[in-house]
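For reference, positions follow the sequence shown, starting with 1.
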Amino acid sequence: MTTKTKAAATVVDTAAEAAQNGFEQAQAAFKAQFDEAAKHAAVAQKGLEQAFELGKGHVEALIKSSTIWAEGVQELAKAALAANQAAFEEGIANARALAAVKSVREAVELQTGFAKAAFEKFVAETTKLSEQGTKLAERTFAPVAERVNVTVASFGKPLAA
């Protein structure tokens, strides 16, 4: 081998080694970037899973709340109907009693008693229905309030890695 041939071989070897080193460095950098991207993708996926779970819980709470409300309204309607039916029956009984009176004074006294009793029952039934309505509102909102607390609590937590 001549000196020129040796020099050319050295240049070729040096260039090949430099190319190999550059390739290995590029490959290592690519792998590091890929690993970092995969790590971020896993965190993002975990965040999406947590968001979907949170949303699922919200829907379940709304369904539960709606069920409680529907059942409560039905109970309120039954109570109101029962009160109206009782008032109607009392009205019929009062009319019969009024038909049997023998004087205007007796009719006025009887009617005054009926009116007073009817008003007291009206106030009592209205108070009862109002209290039932308030309790229904509290029971209806409870599942939603629970989800609000869960949601607020989740804002303070970092995403799981």
Side-chain angles (χ1 to χ4, degrees), residues 1-93 115-161:
M1 242 195 208
T2 64
T3 309
K4 287 184 178 181
T5 308
K6 283 183 186 178
T10 302
V11 168
V12 170
D13 288 344
T14 302
E17 187 177 320
Q20 181 64 33
N21 287 341
F23 176 75
E24 289 172 359
Q25 288 175 353
Q27 190 177 24
F30 178 74
K31 183 181 181 318
Q33 289 177 350
F34 181 79
D35 290 345
E36 189 67 20
K39 187 170 107 178
H40 289 296
V43 169
Q45 181 178 355
K46 184 67 174 176
L48 284 173
E49 288 171 0
Q50 290 173 342
F52 286 135
E53 277 301 312
L54 195 61
K56 179 183 173 189
H58 293 343
V59 170
E60 290 170 353
L62 287 174
I63 290 170
K64 184 175 182 181
S65 181
S66 297
T67 302
I68 291 169
W69 179 80
E71 291 171 353
V73 167
Q74 190 175 21
E75 290 172 15
L76 284 173
K78 286 179 184 177
L81 180 63
N84 285 338
Q85 189 173 10
F88 179 76
E89 290 170 1
E90 288 174 11
I92 297 292
K116 182 180 177 186
F119 181 74
E120 288 172 356
K121 287 179 184 177
F122 170 76
V123 170
E125 286 299 321
T126 303
T127 301
K128 178 181 162 186
L129 289 173
S130 177
E131 289 171 356
Q132 287 177 331
T134 300
K135 289 177 184 176
L136 173 61
E138 290 170 358
R139 286 192 337 257
T140 299
F141 189 66
V144 174
E146 181 181 328
R147 292 308 303 170
V148 168
N149 291 335
V150 168
T151 302
V152 169
S154 73
F155 288 143
K157 295 179 183 176
L159 291 177

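Distance check: Gln85 CD to Glu90 CD gives 11.5 Å after rounding to the nearest 0.5 Å. Remark: Glu75 CD to Leu129 CG distance equals 11.5 Å, nearest 0.5 Å. From Lys64, atom NZ reaches atom CD of Glu60 across 10.0 Å, with rounding to the nearest 0.5 Å. Note that CD of Glu24 is 14.5 Å distant from NZ of Lys31, once rounded to the nearest 0.5 Å. Taking NZ of Lys128 as the reference point, atom NZ of Lys121 lies at 12.5 Å (rounded to 0.5 Å). Distance check, rounded to the nearest 0.5 Å: CG of Leu62 to NE2 of His58 gives 8.5 Å.
Considering every non-hydrogen atom in both Gly72 and Leu136, the closest pair reads CA-CD1, 3.4 Å.
Between the side chain of Thr151 and the backbone N or O of Arg147 there is at least one donor-acceptor pair closer than 3.5 Å. A donor-acceptor pair under 3.5 Å is formed between the side chain of Thr67 and the backbone N or O of Ile63. Although no hydrogens or angles enter the test, the distance criterion places no donor-acceptor pair under 3.5 Å between the side chain of Ser65 and the main chain of Phe141.
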*Show the numbers, then the answer: is there a side-chain contact (heavy atoms from CB on, under 4.5 Å) between Thr126 and Phe122?*
CA-CA 6 Å; Thr126 303; Phe122 170 76; 3.6 Å; yes
*Just do the side-chain contact (heavy atoms from CB on, under 4.5 Å) check on Gln132 and Lys135 with the steps written out, would you?*
CA-CA 5 Å; Gln132 287 177 331; Lys135 289 177 184 176; 5.8 Å; no
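A salt bridge is absent between Lys39 and Asp35: the closest approach of a Lys/Arg side-chain nitrogen to an acidic carboxylate oxygen does not fall below 4.0 angstrom.
The environment of Glu146 atom CD is sparse: at most 12 non-hydrogen atoms of other residues, nucleotides or ligands sit within 6.0 angstrom.
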